[in-house]
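Following: one structure in structure tokens, then a few remarks.
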Amino acid sequence: MASGTGTRARTAGDDIWKTRVEKINAELFTMTYGSLVAQLVKDYEDYSEVNKQLEKMGYNIGVRLIEDFLAKTNVGKCADFKETAETISKVGFKMFLGFSPAVANWSADGKEFSLLLEENPLAEFVELPEDAAAELSYSNILCGVLRGALEMVLMQVECSFVSDVLRGDDTTELRVKLVKFLEEEVPMGDD
């Protein structure tokens with residue numbers, strides 16, 4: 001990806017964040033999300049099931065969020081997966097969460113990358129109990145959002161946390177893997 005495209009994406013993300021997005025109090029957002037996760041832990045009593053539920057919720061959010069993203073940004077179709085990664089980082093994250101994670105650790109085939117989150121508003125004020133730290137992907141809703149949004153623009157991806165500061169790691173890293181490009185389906189009778 002040319003650095004010019006990354007710079008344009010960053011500028012677009014900053015502009016949208018400043019002028020076109022309604023903002024809510026970050027602490028309220030963080031506390032509300034924390035309450036949601038705590039309730040899921042209470043309801044399911046199994047961290048792997050909580051991870052699945054967070055991912056599922058995120059997927060449903062992503063399916064809807066992409067429409068808002070496309071309407072407010074006027075972003076056209078990305079030329080390749082690298083441009084998609086830059087757009088996610090510099091426009092999507094900036095627009096909805098107010099920060100831009102770094103895109104890094106590309107695979108040799110260009111089908112996998114990492115998002116390095118220097119900050120994570122979902123994890124502010126959070127300390128996980130020891131038993132949860134090993135299994136719970138506290139911010140797993142982000143993986144679902146990415147999967148849902150990208151599926152709506154015809155990219156099937158897998159997304160997971162490689163590391164998380166809440167687990168005692170030095171960084172929070174989300175890994176995104178392109179599984180395949182999807183074919184646009186024409187509804188019956190619309191041909």
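These numbers were taken from a predicted model, which means no experiment stands behind them.
Side-chain polar atoms of Glu173 and Ser114 form a donor-acceptor pair below 3.5 angstrom. For Asn120 and Ser139, the side-chain atoms include at least one donor-acceptor pair closer than 3.5 Å.
Remark: side-chain polar atoms of Ser89 are not paired, donor with acceptor, to backbone N or O of Ala85 under 3.5 angstrom. Counting only distance, with no hydrogens or angles, the side chain of Ser163 and the backbone of Thr171 share a donor-acceptor pair below 3.5 Å. Under a 3.5 Å cut-off, the side chain of Asp164 and the backbone N or O of Thr172 do not form any donor-acceptor pair.
Residues Met155 and Phe81 meet the side-chain proximity criterion, which asks for heavy atoms closer than 4.5 Å. In this structure, Phe181 and Val153 have side chains that are not in contact, with every pair of non-hydrogen atoms separated by 4.5 Å or more. Side chains of Glu86 and Lys82 form no contact here, defined as non-hydrogen atoms less than 4.5 Å apart. Annotation: side chain of Gln53 is not in contact with side chain of Asp43 (no heavy-atom distance under 4.5 Å). At least one side-chain heavy atom of Asp80 sits less than 4.5 Å from a side-chain heavy atom of Glu83. Phe93 places a side-chain heavy atom less than 4.5 Å from the side chain of Pro101. Side-chain contact between Val91 and Phe96 is absent, with no heavy-atom pair separated by less than 4.5 Å.
Across Lys90 and Lys94, no two heavy atoms sit closer than the pair O-CB, 3.4 Å. What you find for Thr30 and Pro121 is that their closest heavy atoms are OG1-O, 2.8 Å. The nearest pair of heavy atoms linking Ala149 to Ile66 is O-CG1, 3.9 Å. Residues Gly148 and Tyr59 come closest through the heavy atom pair CA-CD1, 3.3 Å. For Val63 against Glu67, the heavy-atom pair with the smallest separation is O-OE2, 4.4 Å. Nearest heavy-atom pair, Thr73 versus Phe69, reported as atom, atom and distance to 0.1 Å: OG1-O, 2.7 Å.
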- [ ] Using the side chain to side chain contact (heavy atoms under 4.5 Å, CB included) rule, take Met57 and Leu40 through it: C-alpha gap first, then chi angles, then the decisive distance, then the call.
- [x] CA-CA 11 Å; Met57 287 177 183; Leu40 287 172; 3.9 Å; yes
Open item on the list: side chain to side chain contact (heavy atoms under 4.5 Å, CB included), that's the test. Do Glu112 and Val176 meet it? Break it down for me.
Closed with: CA-CA 6 Å; Glu112 289 185 57; Val176 181; over 6 Å; no
- [ ] Assess whether side chain to side chain contact (heavy atoms under 4.5 Å, CB included) is satisfied between Tyr47 and Val41, documenting all intermediate values.
- [x] CA-CA 7 Å; Tyr47 296 126; Val41 168; 3.9 Å; yes
Open item on the list: Does Leu54 form a side chain to side chain contact (heavy atoms under 4.5 Å, CB included) with Tyr33? I'd like the steps, not just the answer.
Closed with: CA-CA 10 Å; Leu54 288 170; Tyr33 183 74; 3.6 Å; yes
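Results of the side-chain contact (heavy atoms from CB on, under 4.5 Å) test with Glu55 over Asn140, Val50, Val145, Leu142 single out Asn140 as the only residue that passes.
From Leu146, atom CG reaches atom CD1 of Ile141 across 11.5 Å, with rounding to the nearest 0.5 Å. With rounding to the nearest 0.5 Å, the separation of CZ in Phe99 from CG in Leu117 is 4.0 Å. The CZ atom of Arg167 sits 8.5 Å away from atom CG of Leu128, with the distance rounded to the nearest 0.5 Å. Remark: Met95 CE to Ile88 CD1 distance equals 13.5 Å, nearest 0.5 Å. How far CG of Leu178 is from SG of Cys159: 12.5 Å, rounded to the nearest 0.5 Å. Atoms CE and CG, from Met152 and Leu182 in turn, are 8.5 Å apart once rounded to the nearest 0.5 Å.
Arg147 has no carboxylate O lying under 4.0 Å from a charged side-chain N of Glu158, or vice versa, which leaves the two without a salt bridge. Here Arg64 does not pair with Asp68 in a salt bridge; the nearest charged N to carboxylate O distance is not below 4.0 Å.
In the displayed structure, Asp131 atom CG is contacted under 6.0 Å by more than 12 heavy atoms of other residues, nucleotides or ligands. Environment of CD in Glu118: sparse, with no more than 12 heavy atoms of neighbouring residues, nucleotides or ligands closer than 6.0 Å.
Not less than 6.0 angstrom separates the ring centroid of Tyr138 from the ring centroid of Phe161.
Note: the hydrophobic cluster containing Leu65 does not contain Leu154 (ILVMFWY, side chain heavy atoms under 4.5 Å, direct or indirect links). Linking ILVMFWY side-chain heavy atoms closer than 4.5 Å, directly or via other members, places Val162 and Leu115 in two distinct hydrophobic clusters.
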